[in-house]
Amino acid sequence: MERKQVLSGNEAVAHGAWKHGVAFASAYPGTPSTEILEALSSYPDLHARWCVNEKVAFDEALGASIGGVRALTAMKHVGLNVAADSLMTASYTGVGGGLVVVSCDDPGMHSSQNEQDNRNYAAFAKVPMLEPADSQECVDYVGHALEISERFDTPVLLRLTTRISHTRCVVETDDERRVPAPRPFVKQPEKYVMIPAYARARHRKVEERLAALAEFAETTDLNRIEPGDGPFGLIASGAAYQYAKEAFPGAPIYKLGFSWPLPLGKLREFVESFGPGGRVYVIEELDAFIEEHLLAAGISVRGKVLLSRCGEYTPQAVREAIERDLGEAAGGSRTAARAGAPKAGIAPVAGLPPRPPVMCPGCPHRGVFYALSKLDVNVMGDIGCYTLGALPPLRAMDSCVCMGASVGLGAGLAKVSERGKTAAVIGDSTFIHSGIPALVDMVWNRSASVLIILDNRTTAMTGRQPTAASSASGSAEATEGSPPLDLARLCKAVGVAEVQVIDPYHLEEVHAALRRALANEGPSVILTNRPCGLLAEAKRDDPRAVSRDLCQGCFQCTDLACPALVVEGGQMRIVEELCRGCTLCMQVCCFNAISVCERKTRS
Amino acid sequence: MSILSVPSTGFSPCAPRAPINLLAVGVGGQGILTLSALVVSAAMEAGFDVKQSEVHGMAQRGGSVMSHVRMGQKVFSPVIEEGTADMIVALEKLEALRHIHYLAPDGVLIVEDRAIAPLPVSTGEMAYPPDVLEQCRARAGRVEVYDGAALAEALGTARTLNTCFAGVLSRHLPFDEAAWRKGLEACFSARDLEANVRAFQYGRSVQPV
């Protein structure tokens with residue numbers, strides 16, 4: 001029976017995967033993709049697991065596909081860089097059961113280090129791509145993607161963006177799961193063993209497949225014209241389709257759901273239907289992906305000459321850009337067209353105090369960054385909550401590039417720097433993701449860098465998913481006899497001579513460990529041992545309070561960037577509801593003005 | 001290729017053609033997303049097409065939180081354009097002022113009289129503007145201010161304040177009681193339902209200060 005429910009795009013992808021018979025799903029957490037696997041974990045009859053990184057997640061999904069079942073792997077845009085090595089050759093091997101690779105891009109970089117446009121991966125890897133424009137399409141397109149994958153023997157890229165992944169909307173779907181008959185593994189070395197002799201033949205198949213997919217693009221209902229009135233037309237996919245419809249609900253629009261390879265024939269017809277000199281606009285966030293392929297095919301469209309390659313679009317931006325262009329085409333000058341109607345409404349208020357994200361009260365990372373901020377040391381950083389250590393007032397991180405990069409950056413920087421000046425900081429989940437090979441290299445090449453592993457026993461930034469060091473398994477299924485990874489033993493096993501395990505709530509211990517490690521001639525590791533304050537296992541102590549008699553208003557403690565510490569009337573105050581009793585402020589206070597909250601002591 | 005017209009929406013013809021735009025703002029941890037989810041559920045029960053959009057990730061760590069809710073016969077864009085919000089509900093007043101340019105000329109600003117210091121204020125680097133509500137009133141035609149502390153006292157807890165503000169919002173939204181009731185049931189576990197129904201009903205009748 002059909003039933004209405006409200007689902008985010010990510011939840012809808014999960015529902016679609018379940019509904020269309022996916023048996024194996026894998027992912028590494030990353031905003032905006034995380035909720036896909038989180039949602040899948042609650043469905044029956046399928047196996048969903050967190051993996052140590054996106055490449056491993058991809059490989060495991062490909063393995064399950066080769067084993068004959070339908071499989072799905074999900075990652076954020078930069079995660080596909082990690083899995084790209086596998087994707088490029090999985091394009092050659094093709095699949096067994098259907099294989100869907102979900103890439104969640106982040107135009108506007110709400111929570112990412114770059115805004116790369118992963119549509120380019122579809123063209124680069126020569127695999128088909130589908131782009132849903134709302135949650136209903138997320139459910140349905142997973143099914144189409146699986147069918148296309150099996151019919152054309154290829155992985156299929158399902159590309160979402162933040163505004164698709166994180167928009168909740170009404171979905172109508174039945175709760176019936178359809179599982180196709182499995183296709184048991186058959187040994188086919190010519191298909192799956194990509195030695196040059198076999199790979200050459202497979203490359204020819206890839207090119208034939210791409211041609212067949214281009215024909216399919218011309219006939220599939222996933223691409224459609226929505227007719228309308230108006231002297232101009234629009235071409236769009238994904239979230240940009242919604243912005244285009246909002247801006248010009250009555251304009252004819254070519255909606256691409258199957259957006260690689262492009263239906264060049266149908267798009268040419270659409271553009272030519274506006275007559276010579278007619279204007280058709282491509283609305284696409286980030287790169288001129290559609291536009292450049294159309295221009296290369298001699299199809300005349302306009303796009304990036306009017307709209308930015310940076311950031312998210314809005315209906316406003318789309319409307320204004322096209323109206324300006326139409327105004328100019330009608331003979332108005334650029335400035336006159338720009339002046340247009342004066343903008344009514346309330347102006348944004350300037351000069352307000354910003355509200356940046358901050359480390360939580362009681363965060364175990366705070367003490368390490370406070371200590372680093374007091375040292376003359378260059379800190380190579382990484383991806384996680386602790387990247388907030390780069391912001392004022394801590395300002396204790398000097399680089400952040402991509403997952404796992406801190407370790408190698410530290411090794412390289414240490415080689416060309418004065419001794420004792422280089423440290424690298426990485427979280428437990430990020431270290432396991434891609435820091436381990438770099439640590440092996442640090443030891444092998446005797447890099448005099450200090451690696452600080454902030455082990456808070458979770459992947460905190462994305463909502464506290466388990467890691468290999470915090471949980472016996474990446475899936476909900478019970479496992480026996482497989483203890484979590486021991487990070488200290490791992491570091492010793494790869495040859496780190498000195499591994500100091502410290503409590504980051506004790507500043508003197510942190511300082512001492514840093515001094516000792518920085519004096520070392522070889523590689524050194526410091527491992528912190530406090531769990532994320534948001535985990536149930538985190539201990540919470542009595543809140544602290546500031547004595548109004550003793551506080552001198554020196555504001556030394558504000559350097560900790562703790563949200564529970566507030567300047568008030570020239571003195572400090574601790575917000576009792578926020579304080580978790582980590583005692584860092586007591587340790588930095590020179591006047592002993594901070595102690596356990598009196599009310600608590602009495603009770 | 002099949003040439004399809006826009007698919008029929010299947011949503012109630014009573015829903016307005018131009019969507020109703022609601023922007024909910026506040027600080028991470030205040031329950032902005034639960035508040036939005038409740039409005040979304042009620043809108044769906046009332047037969048509206050609805051889209052709600054927010055951004056996760058960095059915003060969770062005590063940063064500004066902003067949730068867009070759009071409801072109508074057919075909704076395309078998941079985000080509200082500046083100057084077009086029919087209502088803004090702000091659970092923190094500095095966040096009300098920060099997002100006030102989203103308000104339509106005839107829109108209503110519903111704001112909780114509550115100040116949460118952002119980091120530059122708590123470290124003493126910047127001052128929390130002392131006249132936030134006056135600044136809001138100077139810009140917006142319709143401003144309703146509610147005393148968060150008084151509401152929490154009346155409710156006996158601050159935990160259901162967000163639901164209480166959904167009750168305040170319900171007076172400005174064209175959904176009947178039954179839709180709200182179903183929305184509440186969809187959003188809360190049996191254990192929390194009663195307290196939230198009470199908070200909602202209180203918000204539905206409470207007068208602004």
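Just so it is clear, the values below take in all heavy atoms, side chains as well, and ignore hydrogens, waters and symmetry mates. Sequence lines set the chain letters: A, B, ... in the order given, protein chains first and strands last, and positions in each chain run from 1.
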Exercise. Which bit of B:Ala186 comes within less than 4.5 Å of chain A, counting heavy atoms only: side chain, backbone, both or neither?
Worked result: neither
Problem set entry | Engaged part of B:Glu125 at the chain A interface, taking heavy atoms whose separation is under 4.5 Å | neither
Can you see which heavy atom on [X] is nearest to which on [Y], and at what distance?
X: A:Gln316; Y: B:Glu82; answer: OE1-N, 3.4 Å
X: A:Ile346; Y: B:Ala140; answer: CD1-CA, 4.4 Å
X: B:Gly124; Y: A:Val567; answer: N-CG2, 3.7 Å
X: B:Pro129; Y: A:Leu352; answer: CG-CD2, 4.1 Å
X: B:Lys51; Y: A:Cys169; answer: CG-CB, 3.7 Å

Do you know which of [options] has the most heavy-atom pairs under 4.5 Å to chain A?
options: B:Arg70, B:Met126, B:Glu81; answer: B:Glu81
options: B:Thr84, B:Val40, B:Leu94, B:Leu103; answer: B:Leu94
options: B:Val69, B:Val132, B:Leu97; answer: B:Leu97
options: B:Pro105, B:Ser36, B:Gly107, B:Pro78; answer: B:Pro78
options: B:His99, B:Gln135, B:Glu92; answer: B:Glu92

Sub-4.5 Å side-chain heavy-atom contact between [X] and [Y]:
X: B:Tyr102; Y: A:Pro348; value: no
X: A:Val170; Y: B:Phe48; value: no
X: A:Gln242; Y: B:Val75; value: no
X: A:Pro393; Y: B:Leu119; value: yes
X: A:Pro356; Y: B:Pro120; value: yes

In terms of heavy-atom proximity below 4.5 Å to chain B, should [X] be classed as side chain, backbone, both, or neither?
X: A:Pro354; value: both
X: A:Glu568; value: neither
X: A:Pro353; value: both
X: A:Cys363; value: neither
X: A:Ala347; value: backbone

Problem set entry | Contact winner vs chain B - A:Arg319, A:Arg573, A:Met359, A:Glu312, heavy-atom pairs under 4.5 Å |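 The answer is A:Arg319.
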Exercise. With respect to chain B, which residue among A:Val349, A:Leu565, A:Asp134, A:Asp559 yields the maximal number of heavy-atom pairs within a distance under 4.5 Å?
Worked result: A:Val349
Problem set entry | Atom CG of A:Asp229: over 12 foreign heavy atoms under 6.0 Å |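 Incorrect, the count does not exceed 12.
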For this session: Applying salt bridge (Lys or Arg N to Asp or Glu O under 4.0 Å), name anything that partners B:Glu95, two or more places apart in sequence or on another chain.
Result: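 Scan of B:Glu95 (salt bridge (Lys or Arg N to Asp or Glu O under 4.0 Å), adjacent residues dropped) gives A:Arg355, B:Arg98.
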For this session: Take A:Thr167 and B:Gln52 through the test side-chain contact (heavy atoms from CB on, under 4.5 Å) and record every step on the way to the result.
Result: CA-CA 5 Å; A:Thr167 292; B:Gln52 183 256 326; 5.9 Å; no
Straight-line distance of [X] [atom1] to [Y] [atom2], nearest 0.5 Å:
X: A:Glu246; Y: B:Lys74; atom1: CD; atom2: NZ; value: 11.0 Å
X: A:Lys245; Y: B:Phe76; atom1: NZ; atom2: CZ; value: 4.5 Å
X: B:Ile80; Y: A:Thr314; atom1: CD1; atom2: OG1; value: 12.5 Å
X: A:Leu560; Y: B:Thr123; atom1: CG; atom2: OG1; value: 11.5 Å

Exercise. What's the verdict on salt bridge (charged side-chain N to carboxylate O under 4.0 Å, His left out) for B:Glu54 and A:Arg163, showing C-alpha distance, side-chain angles and the deciding distance?
Worked result: CA-CA 8 Å; B:Glu54 85 246 356; A:Arg163 292 296 175 188; over 6 Å; no
Problem set entry | Inter-chain contacts: residues 149-161 of chain B against chain A, heavy atoms under 4.5 Å | none
Problem set entry | Salt-bridge present (A:Lys4, B:Glu45; N to O < 4.0 Å) | no
